[in-house]
Visitor: 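What follows is a single structure, and I will ask about it in a moment.
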Amino acid sequence: MIVQELVGKKVVVHVETGANVAQHRGVLEAADGHFLKVKKDSETLFLCISNIIAVAAV
């Protein structure tokens with residue numbers, strides 16, 4: 001599935017952070033060539049595409 005199709009939907013994003021993998025759940029607000037914008041409860045995350053392992057609809 002193309003990430004653009006998930007814009008506006010609730011997603012879980014797996015992000016590599018050094019030797020660990022972090023999971024972020026929220027609404028995917030935007031996706032461009034370099035970043036994903038994910039709105040969590042009280043914060044907005046801008047995640048670099050090069051660190052993202054997987055994006056899945058929830």
Side-chain angles (χ1 to χ4, degrees):
M1 180 177 280
I2 298 173
V3 176
Q4 290 290 340
E5 295 176 8
L6 296 174
V7 172
K9 297 182 180 172
K10 195 163 194 171
V11 296
V12 61
V13 181
H14 300 268
V15 181
E16 181 181 14
T17 56
N20 299 321
V21 175
Q23 291 184 3
H24 300 287
R25 291 179 184 268
V27 176
L28 182 63
E29 290 190 335
D32 67 11
H34 302 286
F35 294 96
L36 295 184
K37 181 180 178 185
V38 177
K39 177 72 172 174
K40 293 179 82 171
D41 293 331
S42 61
E43 63 185 334
T44 300
L45 301 174
F46 292 89
L47 304 169
C48 182
I49 292 287
S50 63
N51 294 335
I52 294 175
I53 297 171
V55 178
V58 179

Visitor: Taking all atoms of both residues into account, what is the closest heavy-atom pair of V7 and E29, and its distance?
Guide: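 Shortest heavy-atom contact: CG1-O, 3.5 Å.
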Visitor: Find the distance between CD (Q23) and CD1 (I53) and round it off to the nearest 0.5 Å.
Guide: 10.0 Å
Visitor: Does L28 reach the side chain of V3, with side-chain heavy atoms less than 4.5 Å apart?
Guide: yes
Visitor: What residues, two or more places apart in sequence or in another chain, satisfy side-chain contact (heavy atoms from CB on, under 4.5 Å) together with V27?
Guide: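 Partners of V27 by the side-chain contact (heavy atoms from CB on, under 4.5 Å) criterion come out as none, since no residue qualifies.
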Visitor: Please report the closest heavy-atom contact between V13 and V55, naming both atoms and the distance.
Guide: CG1-CG2, 4.2 Å
Visitor: Answer yes if L45 and V12 sit in the same cluster of Ile, Leu, Val, Met, Phe, Trp and Tyr residues linked by side chain heavy atoms under 4.5 Å apart, and no otherwise.
Guide: no
Visitor: With a cut-off of 3.5 Å and sequence neighbours excluded, list every side-chain donor-acceptor pair involving residues 30-43.
Guide:
{"residue": "D32", "atom": "OD1", "partner": "H34", "partner atom": "N", "Å": "2.9"}
{"residue": "D32", "atom": "OD1", "partner": "F35", "partner atom": "N", "Å": "2.8"}

